[in-house]
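Reading through the structure tokens given below for one structure.
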2 protein chains.
Amino acid sequence: MEQLFSHLRKYHPLSAEAQTAIQNCFSQVILSKNEFLLTEGKICRHLYFMEQGALRGFYNLDGKEITYWFAFEGDFVTSFHSFTTQQPAVENIQLLEGSVLWAISKETLMDLFNRFHEIERLVRIAYERYYVRLEERFVNAQFRTAAERYEQLIQQTPHIIERIPLGQIASYLGISQETLSRIRSRL
Amino acid sequence: MEQLFSHLRKYHPLSAEAQTAIQNCFSQVILSKNEFLLTEGKICRHLYFMEQGALRGFYNLDGKEITYWFAFEGDFVTSFHSFTTQQPAVENIQLLEGSVLWAISKETLMDLFNRFHEIERLVRIAYERYYVRLEERFVNAQFRTAAERYEQLIQQTPHIIERIPLGQIASYLGISQETLSRIRSRL
DNA sequence: GCCTGCTTTTGACAGAAGTCAAAAACCAAA
DNA sequence: TTTGGTTTTTGACTTCTGTCAAAAGCAGGC
């Protein structure tokens with residue numbers, strides 16, 4: 001739990017009361033490799049925080065699995081679209097390693113927002129950081145070549161390369177596995 | 001100003017006091033075609049709301065202008081990265097038509113957040129919507145073909161096609177102008 | 001009406017990336 | 001060590017998209 005707080009404090013300081021409330025509202029979830037946190041068509045009712053482990057978000061397109069994000073230690077995890085709108089999810093969330101997560105339901109989180117302005121602020125600030133990250137990734141996807149994207153991945157998030165199978169990395173970069181293999185061989 | 005409120009209410013209802021405060025904190029900005037709201041290297045100190053008009057965000061890559069978003073009536077406008085981090089912007093924001101905007105400085109907005117939890121909530125909710133939109137656009141950029149993206153543009157945001165020159169639309173879709181022209185000719 | 005400049009289209013060619021299929025490498029369990 | 005399954009690499013070929021250059025289309029000003 002202390003790990004959760006130390007991550008949360010990176011966004012915004014928290015009063016003792018807010019911390020106590022958070023402590024009472026999150027519950028621990030332990031899952032093993034290959035289990036699903038969410039499947040396509042279900043409504044995502046929880047926000048998770050990853051304490052230890054790794055997972056991926058993917059959806060099915062023409063029979064192929066498209067992995068489009070990963071989460072590791074210290075990341076928030078949810079189907080953003082489904083969680084915020086309470087519509088059925090289009091994607092799946094699957095564990096890549098045995099993992100420890102903290103979960104809070106949407107209702108409980110809304111209740112925390114009502115009781116603690118500072119918690120809603122923390123989330124607002126977290127959203128800003130995640131938005132900027134996504135914007136950067138979007139610009140890369142649209143305007144950089146496959147090789148450039150791979151090199152940037154090596155620079156910025158080497159843990160992805162170390163912990164994730166090649167096929168899923170290729171998908172994450174928006175290229176075929178064969179192309180990624182060729183890029184690697186000529187670097 | 002009423003237009004601003006009617007847009008804001010789509011995110012979250014506002015008390016009379018909050019509305020009065022907002023009224024006192026936003027100021028009107030009128031700009032003509034081709035003027036710049038922000039240039040590369042400057043820190044973006046304001047959040048804008050577009051009442052009337054159109055503009056684009058673009059940055060320079062190898063001597064070429066890459067247009068990667070547009071804003072129209074009812075949109076919030078800022079350099080998200082620069083505004084939230086107060087780092088120099090990497091992009092330019094330029095008017096595409098004579099426009100009417102409402103502006104608020106970062107400090108004033110933070111002050112509103114402190115005084116009105118409900119205003120920070122409204123922004124938190126707005127962030128969620130914008131994040132979902134960006135996520136969708138990212139997935140399209142990475143995993144759909146150029147032709148699919150163009151068709152989706154026609155379906156979902158036909159005003160872009162009507163009001164924006166082809167070269168900038170091509171850039172927005174992440175393809176060359178020639179390719180877009182060919183896609184159009186064979187539809 | 002007729003320049004002039006800007007936008008859009010067309011043509012020819014080159015390069016990047018995808019697909020399908022097979023081979024090689026790797027890994028874990030028996 | 002052998003075996004079976006999975007992951008990664010390699011090869012041959014095709015398709016999509018980009019680039020450069022030229023032509024066509026269009027709009028405003030004179």
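Proteins come first, then strands; the chains are lettered A, B, ... in the order of their sequence lines, and each starts at number 1. Because the structure is predicted, anything quoted here is derived from the model rather than measured.
The backbone N or O of B:Pro88 lies less than 3.5 Å from no partner atom in the side chain of B:Lys42, so there is not a single donor-acceptor pair.
Between the CG atom of A:Leu61 and the P atom of C:dG18 there is a distance of 14 Å, rounded to whole Å. Taking atom CG of B:Leu180 as the reference point, atom P of D:dT17 lies 11 Å away to the nearest angstrom. Atom CZ in B:Arg186 sits about 11 Å away from atom C1' in D:dT15, given to the nearest Å. Rounded to whole Å, atom P of C:dT8 lies 15 Å from atom CD1 of B:Ile183. B:Gln142 has its CD atom 14 Å from the C1' atom of C:dA17, to the nearest Å. If you take CG of B:Leu96 and P of C:dT7, they are 12 Å apart, rounded to a whole angstrom. Between the CZ atom of A:Arg144 and the P atom of C:dA17 there is a distance of 14 Å, given to the nearest Å. Between the P atom of C:dG18 and the CD1 atom of A:Ile66 lies a distance of 11 Å, rounded to the nearest Å.
Between A:Lys64 and the phosphate of C:dG18, there is no side-chain N or O to OP1/OP2 separation shorter than 4.0 Å.
Nearest nucleotide to the side chain of A:Arg182, out of D:dA12, D:dA21, C:dA17: D:dA12. The side chain of B:Glu178 has C:dG11 as its nearest neighbour among D:dT8, D:dG18, C:dG11. Relative to the side chain of B:Thr179, the nucleotides D:dT10, D:dT19, D:dT17 differ in distance, and D:dT17 lies closest. For B:Ala146, taking side-chain heavy atoms from C-beta onward, the closest of the listed nucleotides D:dT19, C:dG18, D:dT17 is D:dT17. For B:Gln177, whose side chain is taken as the heavy atoms from C-beta onward, the closest listed nucleotide among D:dT10, D:dT17, C:dT9 is C:dT9. Side-chain proximity of B:Ser176 to C:dT8, D:dT8, D:dT19: nearest is D:dT19. Of the candidates D:dT9, C:dG18, C:dG11, D:dT9 carries the atom nearest the A:Arg184 side chain, counting heavy atoms from C-beta on. Distances from the side chain of A:Thr145 to the nucleotides C:dA17, D:dT17, D:dT10 place C:dA17 closest.
When hydrophobic side chains of Ile, Leu, Val, Met, Phe, Trp and Tyr are connected at separations under 4.5 Å, A:Phe36 ends up clustered with A:Phe58.
Aromatic ring pairs are classed by plane angle as parallel below 30°, tilted from 30° to 60° and perpendicular above 60°; the pair A:Phe70 and A:Tyr172 is tilted.
Between B:His117 and the options A:Glu118, A:Arg121, A:Glu120, a side chain to side chain donor-acceptor pair (under 3.5 Å) holds for only A:Glu120.
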*Verify side chain to side chain donor-acceptor pair (under 3.5 Å) between A:Gln28 and A:Trp102, making sure each step is shown before the conclusion.*
CA-CA 5 Å; A:Gln28 199 175 49; A:Trp102 294 96; over 6 Å; no
